[in-house]
Amino acid sequence: MDAIAIRHNDEILDLQTASQRGVEGEGIELDNSAESLDVLRHSTAHLMAQAIKSLYPEAKFYVGPVVKEGFYYDFKVDSEIGEGDLKKIEKQMLFFAKKKHEIEKYEISMDEAKKKFANDHLKLSVMERIPSDTVSIYKQGEFEDLCRGPHLPSTKYIRFFKLLKIAGAYLGGDSKNEMLTRIYGIAFADKESLKAHMTMLAEAAKRDHRKIGNEMKLFTFREEVGAGFPIWLPAGGRLRARLEGLLFKAHRKRGYEPVRGPEMLRADLWKVSGHYQNYGENMYFTSIDEVEFGVKPMNCVGHIKVYEDELRSYRDLPLKYFEYGVVHRHEMTGALHGLFRVREFTQDDAHMFCTVEQIEEQIIEVVDFVDKIMTTFGFEYKMMISTKPEKAVGDAQVWEKSEQALINAMQANNLEYEIDEGGGAFYGPKIDIKITDAIGREWQCGTIQLDNNLPERFELEYNDGDNEKIQPVMIHRAILGSFERFIGILTEHYAGEFPMFIAPTQVAIIPIAQTHNAYAKEIADKLIDLGADSEIFDKNESLNKRIRTAEKGRVPMIIVLGDEEVEAKTVAIRDRRTREQSNANLDSFLTMIQTKINEVNF
RNA sequence: GCUCGCAUGGCUCAGAGGUAGAGCACUUCCUUGGUAAGGAAGAGGUCCCGGGUUCAAUUCCCGGUGCGAGCUCCA
C-alpha cells in the first residue's frame, strides 16, 4: 500500500510538505489508525467543500477541521441547504473523488493570501487568527483552499464517507457573530468500518434513553412542570431505588456517614463559599422574611457545616460524608437534553476531609470504589488527571503534593490514565472518570476533585498531635455523577434491557388461565420477600398477547404458569432474549432469583 | 442564551382556511387460551398558550412556552 503521509520527528507530515522540506520518515498508510483517519477526514472535508463550491458557486468557506466524531466544514451559501441536499453533495464528492485529483500544496505570503481571498470575508477572518507570515494553499482540480494540512496526496483515496448532519454554527463559535452552515461527515479507510459506524449510529438512535424511558415508563417531562425538571414514574422509581440502595450499602461498607444539608441556604453562605460571585448566574435565589436564600447547586457547603459541628482532631480524620444531594442548576435552555442535562438532579456526592498525607490512600480507595461499580455494569473506563490551570488559588506546594498523590494512586493501582495539563479546577487538581458503553461511546460520569479553597474560605481546621490548628484537605467526589444522567447512560448502555439487579421489574408472571392466578399471587408474594418485584399479567387477553406484552416490557425473566406448574409446584421459565424455555421447581427458581439479585455488591 | 425546525386523544402519527382522523393503549362483552398481537362494541381531543388577519383560524402572521438538531456554556 502507498504511504499517504509520513511521521517525521513525531509530527505527521503529508507527502506534499515532506517533499517540499526534503524530509523523510516512517510512512503512514491509509488505514483506520488515528493518524491516518485524521488526514483522510481532513481531506474529505476539503472534498466536501469542493463539491459544495461546484454546486453553489457563491459558497464561502470558514474552517473545516477534524473532530472526534469525523469532520465538519462551516460555510456560507446564498440558498437554503437542508438535510435533503446532503445526498446531492455526497454524489458530487464521489464525482470529484473519481477524478483522482492530485492534491497540491503551495505557499504564499500572508499579504498575497489576503489579496487572493480579498472578497471572502470568512477566509479573511480565518487568516486573522493565523500568526505566521506565510500560509499554505491546497489545490485539487479547480478548487483551492487555505489550509495548514496535512492532506492526502490525491482525492482518489477518499471513497468511504458519509455526510451526517447539517446545522447552524456561529463564526468562531461566538453567538454575536453571523451564523454559518455546518455539515458534519465521517470517513473511513474501508467500507466495513464505515458500515460499522453507521450501524453504531443507528443503534445509538434505537437506544436513545428518551425513547426507551418513554416506552418503559421510567420518567417523563411535562411542559407545565418546567424545562429540565424530570418526573420519575413508578418503573423508573423502582430502578432508581435499587441503584440507590446498592450504593448506600457500598458507602456504609467503606466508612462513609450519611448526612444531609438543606436545599436552600442563606445567600451569605454562598458568598463565603464563593459560589455567589462565581456561580451565581447558575443558581436560583429567593427571599424568605427579607433574607436572601440560594437553592444549593452543590452539596459541599452543607457538608462543611457537618464538619464544623464539632472541634476536629487529627484522630477523627479522614471524615467521609455522603449524600444523595438534590441540586438545582440553571442550565441554558439549549443545553437541556433528556436525563443527560437537567436543571434538577441528584448527585451521589461525598466529601472527605483529611490530612495532606491521607490524600493518596483516599484516592486509591475511591478509585477502587469506581472500579467495582463500573466493572459491575460492564463499562470500560479510563481516568483523566487534570492539573493546575493558569488561574489557580492555593499553596504551590499543596498543589504539587496533591497532583503527585493523584498520579501515585493511579500507578499504585496500575491504572491507565491520561493527563490534561492545566485542565484542573482553579481550586485543585482532579481525576475524571470516563466510561465506554456497550456500543463504544464515551461518557464522563464520576469525578474526584481536591479542594484547598473551601477549607480556606470556611477556615476549617483540626488539631494535630501538637495541638496546632491545621487546615484539612477536602476531597469532592461523585461516582455516578448524578442518578439522572447515569440512569440515562445505563438505559442506552443496556438498550433498556437492564440486568436483574436493577431492572424495574425482575419477573413477569403469566398465569395461563384464571385458575392459576392464586399460584401466581403466591409466587409474587414470595418474590417480594426476596426483594424482587414482579408483575402478574392476568388480563383478559390471549396467552400469546400477554407473553408478547411482557417481552416488549423488557422484563428480564418471564414465567408461565398452567395446570402442570400448579400441580408440580414448578415454573416454566422463558428467557426473554433467547426465547428458550426451561422448567424449574419453585424453590430452586426462587433461590436463583435471590442469587441473581444478591450477586451484585459494589 | 443564539439559529433553524417541530407542537393534533395516554403513546406513535395522518390531515384540511368552514370546529378532526388512524394504529396502539383504555372501558365493556364474548373468548379460558401452553409461549410474540383471538373477536366485537365503546369512551376519549379547549388540535400547546396569548394576541392578530379573516365572514370563519386548530390550519395563515406575531409573541410566549415546551421539545428536537447544532452552536455556546459547564465551579
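Since this is a predicted model, take the numbers as computed values, not measurements. Order of the sequence lines sets the chain letters (A, B, ...), proteins ahead of strands, with each chain counted from 1.
As judged by a 4.0 angstrom heavy-atom cut-off over every strand, A/Glu331 is placed among residues making no nucleic acid contact. Here A/Lys539 lies in heavy-atom contact (under 4.0 Å) with sugar-phosphate atoms only. Backbone-only engagement by A/Gly338 is indicated by non-hydrogen atom pairs under 4.0 Å involving sugar-phosphate atoms exclusively. Nucleic acid contact class of A/Asn214 (heavy atoms, under 4.0 Å, all strands): sugar-phosphate only. Residue contacts shown for A/Arg222 are absent, as no nucleic acid heavy atom lies under 4.0 Å away. Within the 4.0 angstrom heavy-atom criterion, no nucleotide atom of any strand lies near A/Ala425. Among the atoms of the strands shown, only primed sugar atoms or phosphate atoms (P, OP1, OP2) are found under 4.0 Å from some heavy atom of A/Tyr184. Using a 4.0 Å heavy-atom distance criterion, A/Asp563 is classed as a base contact. Using a 4.0 Å heavy-atom distance criterion, A/Glu580 is classed as making no nucleic acid contact. Contact annotation for A/Arg579: base contact, defined as any heavy-atom pair under 4.0 Å involving a base atom. Residue-level contact check: A/Asn544 touches the backbone only, with heavy atoms under 4.0 Å from sugar-phosphate atoms and none from bases. Nucleic acid contact for A/Leu543: sugar-phosphate only, since backbone atoms but no base atoms lie under 4.0 Å from a heavy atom of the residue. Residue A/Ala550 is classed as having no contact, given no heavy-atom separation below 4.0 Å to the nucleic acid. Residue contacts shown for A/Gly280 are absent, as no nucleic acid heavy atom lies under 4.0 Å away.
A donor and an acceptor atom, one from each side chain of A/Asp538 and A/Gln514, are nowhere located under 3.5 Å apart. Side-chain contact annotation: A/His275 with A/Asn282, donor-acceptor N/O pair under 3.5 Å absent. Donor-acceptor pairing under 3.5 Å is recorded for the side chains of A/Tyr427 and A/Gln449. For the residue pair A/Tyr381 and A/Glu442, no side-chain donor N or O sits within less than 3.5 Å of a side-chain acceptor on the partner. Using a 3.5 Å distance cut-off with no hydrogens or angles, the side chains of A/Thr570 and A/Asn583 do not pair a donor with an acceptor. A donor-acceptor contact under 3.5 angstrom links the side chains of A/Glu323 and A/His303, judged on distance only.
Side-chain atoms of A/Arg574 come within donor-acceptor range of the base of B/A36, with a qualifying N/O pair under 3.5 Å. Residue side chain A/Arg329 does not reach the base of B/C74 through any donor-acceptor N/O pair under 3.5 Å, judged by distance alone.
Both tests do not hold together for A/Arg41 against A/Phe71: distance to the six-membered ring centre under 6.0 Å, angle to the ring axis within 45°.
The nucleotide whose nearest atom lies closest to any side-chain atom of A/Ala513 is, among B/C71, B/A75, B/U32, B/U32. Counting only heavy atoms from C-beta on, A/Arg210 has its side chain closest to B/G68 among B/U35, B/G1, B/G68. Of all nucleotides listed (B/C67, B/A36, B/G64), B/A36 comes nearest to the side chain of A/Glu551. Side-chain atoms of A/Met332 lie closest to B/G1 of the nucleotides B/G1, B/A75, B/A36. The side chain of A/Asn540 lies closest to B/C30, out of B/C67, B/C30, B/A36. Counting only heavy atoms from C-beta on, A/His337 has its side chain closest to B/A69 among B/C74, B/A69, B/C30. The nucleotide whose nearest atom lies closest to any side-chain atom of A/Glu541 is, among B/G68, B/C26, B/C48, B/C26. Picking from B/G34, B/C48, B/A75 the nucleotide with the shortest atom distance to the side chain of A/Phe426 gives B/A75. If you check B/A37, B/G1, B/C74 against the side chain of A/Thr333, the one that comes closest is B/G1. Proximity note for A/Lys545 (side chain, C-beta onward) versus B/A25, B/G34, B/U12: the nearest is B/A25.
Projected onto RNA chain B by closest heavy-atom contact, A/Ile547 and A/Gln514 fall at different nucleotides, the more 5' of which corresponds to A/Gln514. Mapping A/Asn583 and A/Arg182 onto RNA chain B by nearest heavy atom places A/Asn583 at the nucleotide closer to the 5' end.
A distance of 6.0 Å or more separates the ring centres of A/Phe293 and A/Phe285. Here A/Phe61 and A/Tyr73 bring their ring centres to under 6.0 angstrom of each other. Within the 6.0 Å centre-distance limit, the rings of A/Tyr284 and A/His330 are counted as a close aromatic pair.
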For Watson-Crick and G-U wobble pairs within 3.5 Å on both distances, what is RNA chain B written in dot-bracket notation, | included for inter-strand pairing?
(((((((..((((....[..)))).(((((.......))))).....(((((..]....))))))))))))....
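For the side chain to side chain contact (heavy atoms under 4.5 Å, CB included) test with A/Arg574, the passing option among A/Ile558, A/Ile510, A/Ile559 is A/Ile558; the others fail.
Residues of residues 381-390 of chain A that place a heavy atom closer than 4.0 Å to RNA chain B do not occur.
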Start with the C-alpha gap between A/Ile231 and A/Phe229, add the side-chain angles, then the distance that decides, and say whether side chain to side chain contact (heavy atoms under 4.5 Å, CB included) holds.
CA-CA 7 Å; A/Ile231 295 159; A/Phe229 295 117; over 6 Å; no
